[in-house]
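Structure record follows, encoded as structure tokens.
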Number of protein chains: 2
Amino acid sequence: MNSTATTTPEELARPTIVSLAVVLQVRNGALQALLWERAREPDVHRWSLPGGYLLEPESLEQSIRRHLASKVDVRELAHLEQLETLSEPDRQPEEWQIAAAYLGLVPADQDPVLPPDTSWHPVGGLPPMAFDHAAVVRAGRDRLRAKLSYTNIGFAIAPPEFTLSELRDLYAAALGHRVSATNLQRVLVRRGVLEPLERHRTSAASGGRPARVYRFRTRRLAVTDPFAVLRPQGSGSR
Amino acid sequence: MNSTATTTPEELARPTIVSLAVVLQVRNGALQALLWERAREPDVHRWSLPGGYLLEPESLEQSIRRHLASKVDVRELAHLEQLETLSEPDRQPEEWQIAAAYLGLVPADQDPVLPPDTSWHPVGGLPPMAFDHAAVVRAGRDRLRAKLSYTNIGFAIAPPEFTLSELRDLYAAALGHRVSATNLQRVLVRRGVLEPLERHRTSAASGGRPARVYRFRTRRLAVTDPFAVLRPQGSGSR
DNA sequence: GCAAAAGTGTTGTGTCTACACCCATGT
DNA sequence: ACATGGGTGTAGACACAACACTTTTGC
């Protein structure tokens with residue numbers, strides 16, 4: 001059987017198709033996921049990822065953007081990428097669903113108005129989750145953590161402008177461990193990811209030197225540390 | 001609309017669902033992809049990726065393994081992972097298909113018997129490809145190249161045992177640039193990926209010192225260079 | 001002046017590349 | 001002996017973490 005036969009066989013599988021999103025944001029110093037509380041069986045009162053059915057004719061990315069629009073304004077999503085596609089026939093009890101999972105990131109300065117059944121939950125310490133959604137949240141968190149190391153994806157969790165301590169706190173929350181502002185600055189400036197502005201943030205009531213304001217040079221995903229090893233010969237050491 | 005409503009609406013999209021695979025192997029010193037020549041319109045005589053319809057009830061991974069079994073013996077696949085899911089409504093002219101693309105890797109010592117309409121093609125220099133399949137091949141190639149740098153995925157392109165020059169040639173073919181056997185050995189041994197055996201390969205007719213035989217310590221995917229930067233504090237430098 | 005926070009200087013370490021040199025075999 | 005290919009030793013370039021120290025503000 002070939003993927004492109006002109007006549008479609010009868011015994012074809014016709015699972016329903018949904019798109020899901022792990023929407024992450026750093027809130028109150030913790031990485032949090034946008035979850036939605038189920039109102040009916042199965043898995044009543046368990047929490048699940050936002051998303052829903054694919055409609056005619058739209059791509060999966062259009063689908064997840066459309067579904068998310070009822071939770072958060074699409075303009076608040078600084079980044080959206082595909083995570084994985086789940087297809088185990090028994091992953092949902094009632095019907096066979098194929099689910100394309102996406103990772104969405106919301107900058108820390110946004111505070112979307114949420115519908116009543118929806119709220120943010122720290123990814124460390126998730127509430128009881130429906131179906132296989134807890135694993136998807138972990139996959140999203142891991143993808144973000146990995147990309148923070150070798151891409152400029154920080155732009156998607158940070159506001160347009162920020163001080164280095166603010167950025168350090170965002171990275172620390174997302175990565176789940178302490179981060180040094182000193183070294184974070186050096187790494188990101190050396191790679192050309194961060195750009196210092198001339199402006200400074202006035203110091204807090206407790207005093208302290210005013211912090212310089214930075215921004216990401218570009219707010220589109222780019223790989224900044226392409227080859228860990230095994231670079232082409234003669235391309236210089238890192 | 002929610003992903004888990006108990007009643008399924010009428011206007012639901014019901015595209016057909018297929019699985020595709022970019023199967024890669026190093027052959028004759030070049031990274032090659034397993035392609036299949038279309039026998040009918042649309043895109044007659046263009047080359048496409050092996051795969052086909054999802055059947056009831058199987059997962060996408062089971063589906064692609066089943067379809068590949070008609071091309072290559074499944075036991076010859078040393079690694080299989082999901083690449084991306086394509087869903088643009090107009091990506092195929094005749095029907096709307098959602099395609100889950102996988103990356104499969106065949107060790108260099110295998111030589112599967114192929115059906116007549118199927119053959120290997122170097123990924124640099126692909127023949128005219130059907131639909132969006134050329135881009136999927138490039139995505140598979142790029143995924144392999146990236147993972148060669150930070151995982152032990154070499155096990156999936158290498159035979160069970162090999163000398164370092166042989167492994168160097170495989171890495172060079174897959175990466176598309178020259179690789180030093182000296183440094184490849186040091187990187188992979190330092191990381192505990194390679195294991196030297198006591199055995200040696202007898203030298204060729206042209207002479208030369210007999211080469212030591214190595215193998216991968218494990219033939220399951222593992223990340224060996226986890227954090228490019230931004231490691232947790234106090235976790236030592238690389 | 002003193003505390004607080006930001007920012008710079010500097011040192012040490014581990015990783016990787018490049019290249020010189022040595023080793024073991026066939027002819 | 002010498003050509004051929006395998007393997008080791010070593011030096012230099014970087015990137016990074018850690019930490020001491022300086023700068024700039026509020027009180």
Side-chain angles (χ1 to χ4, degrees), chain A residues 148-150 161-172 175 177-214 223-238, chain B residues 148-150 161-172 175 177-214 223-238:
Chain A
L148 282 172
S149 281
Y150 68 92
E161 301 183 347
F162 44 83
T163 68
L164 260 161
S165 338
E166 290 164 358
L167 189 67
R168 180 213 342 125
D169 292 342
L170 294 174
Y171 270 68
L175 290 169
H177 61 75
R178 301 197 305 131
V179 171
S180 140
T182 297
N183 295 328
L184 184 65
Q185 190 262 17
R186 291 212 252 246
V187 168
L188 296 184
V189 167
R190 183 176 33 232
R191 293 181 176 178
V193 171
L194 283 192
E195 185 173 56
L197 303 182
E198 288 312 311
R199 306 188 12 247
H200 290 258
R201 188 71 52 86
T202 131
S203 43
S206 60
R209 178 171 166 174
R212 164 161 279 181
V213 175
Y214 286 80
V223 174
T224 56
D225 192 18
F227 298 98
V229 287
L230 307 177
R231 264 178 294 301
Q233 287 185 330
S235 66
S237 179
R238 302 189 81 87
Chain B
L148 283 172
S149 282
Y150 68 92
E161 302 183 346
F162 44 82
T163 67
L164 260 161
S165 337
E166 291 164 358
L167 189 67
R168 178 208 349 117
D169 292 342
L170 295 174
Y171 270 69
L175 290 169
H177 60 76
R178 302 197 305 130
V179 171
S180 141
T182 297
N183 295 328
L184 183 65
Q185 190 262 18
R186 291 213 252 246
V187 168
L188 296 184
V189 167
R190 185 184 325 124
R191 292 182 176 176
V193 171
L194 283 192
E195 185 172 55
L197 303 183
E198 289 311 311
R199 306 188 12 249
H200 290 258
R201 189 71 53 86
T202 131
S203 43
S206 60
R209 178 172 167 177
R212 165 161 278 181
V213 176
Y214 288 80
V223 174
T224 55
D225 191 18
F227 298 98
V229 288
L230 308 177
R231 265 177 295 300
Q233 287 186 330
S235 66
S237 178
R238 298 188 85 87

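Lettering follows sequence order; numbering is per chain, from 1.
In this structure, L197(A) atom CG and dA6(C) atom P are separated by 16 Å, rounded to whole Å. In this structure, CG of L188(B) is placed 11 Å from P of dT17(C), rounded to the nearest angstrom. Taking atom CG of L184(A) as the reference point, atom P of dA17(D) lies 9 Å away to the nearest angstrom. Atom-to-atom, OH of Y171(B) to P of dT17(C) comes out at 13 Å; the value is rounded to the nearest Å. The separation between H200(A) atom NE2 and dG26(D) atom P is 14 Å, rounded to whole Å. If you measure from atom CD of Q185(A) to atom P of dA5(C), you get 19 Å, rounded to the nearest angstrom. In this structure, the CZ atom of R190(A) is 17 Å from the P atom of dA13(D), given to the nearest Å. Per the geometry, NE2 belonging to H177(A) stands 11 Å off P belonging to dA18(D), to the nearest Å.
R168(B) has no side-chain polar atom (N or O) that falls below the 4.0 Å cut-off from OP1 or OP2 of dG7(D). In this structure, S206(B) reaches the dG5(D) phosphate: one of its side-chain N or O atoms is under 4.0 Å from OP1 or OP2.
Of the two residues contacting DNA chain C, namely T202(B) and R209(B), the nearest-nucleotide position lying further toward the 5' end is that of R209(B). Taking the nucleotide of DNA chain C with the nearest heavy atom to each of T163(A) and P210(B), the more 5' of the two is matched to T163(A).
Out of dA5(C), dG7(D), dA17(D), the shortest distance to the side chain of L164(B) is found at dG7(D). With distances taken from any side-chain atom of R212(A) to the nucleotides dG7(D), dT25(C), dG7(C), the minimum falls on dG7(C). Among the nucleotides dT8(D), dC19(D), dA17(D), the one closest to the side chain of T182(A) is dC19(D). Side chain of N183(B), nearest nucleotide from dA18(C), dC16(D), dT8(D): dA18(C). Counting only heavy atoms from C-beta on, A211(B) has its side chain closest to dG7(D) among dG7(D), dC16(D), dT23(D).
Contact annotation: the side chain of L164(B) approaches that of Y214(B) to within less than 4.5 Å [non-hydrogen atoms, C-beta and beyond]. Within the 4.5 Å cutoff, the side chain of L184(B) has no heavy atoms near those of the R186(B) side chain. Using a 4.5 Å heavy-atom threshold, the side chains of L188(B) and T224(B) count as separate.
Within the 4.0 angstrom heavy-atom criterion, base atoms lie near R186(B).
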- Message: I'd like to know whether F162(A) forms a side chain to side chain contact (heavy atoms under 4.5 Å, CB included) with V213(A), so could you lay out the CA-CA distance, the side-chain angles of the two residues, the decisive distance to 0.1 Å, and finally the verdict.
- Response: CA-CA 5 Å; F162(A) 44 83; V213(A) 175; over 6 Å; no
Which atom pairs, one a donor and one an acceptor, fall under 3.5 Å between side chains of residues 192-201 of chain B and the rest of the protein, sequence neighbours left out?
unit_1  : atom_1 : unit_2  : atom_2 : d
E195(B) : OE1    : R215(B) : NE     : 2.8
E195(B) : OE1    : R215(B) : NH2    : 3.4
R199(B) : NH1    : E161(B) : OE1    : 2.6
R199(B) : NH1    : E161(B) : OE2    : 3.3
R199(B) : NH2    : E161(B) : OE1    : 3.4
R201(B) : NH1    : E166(B) : OE2    : 2.9

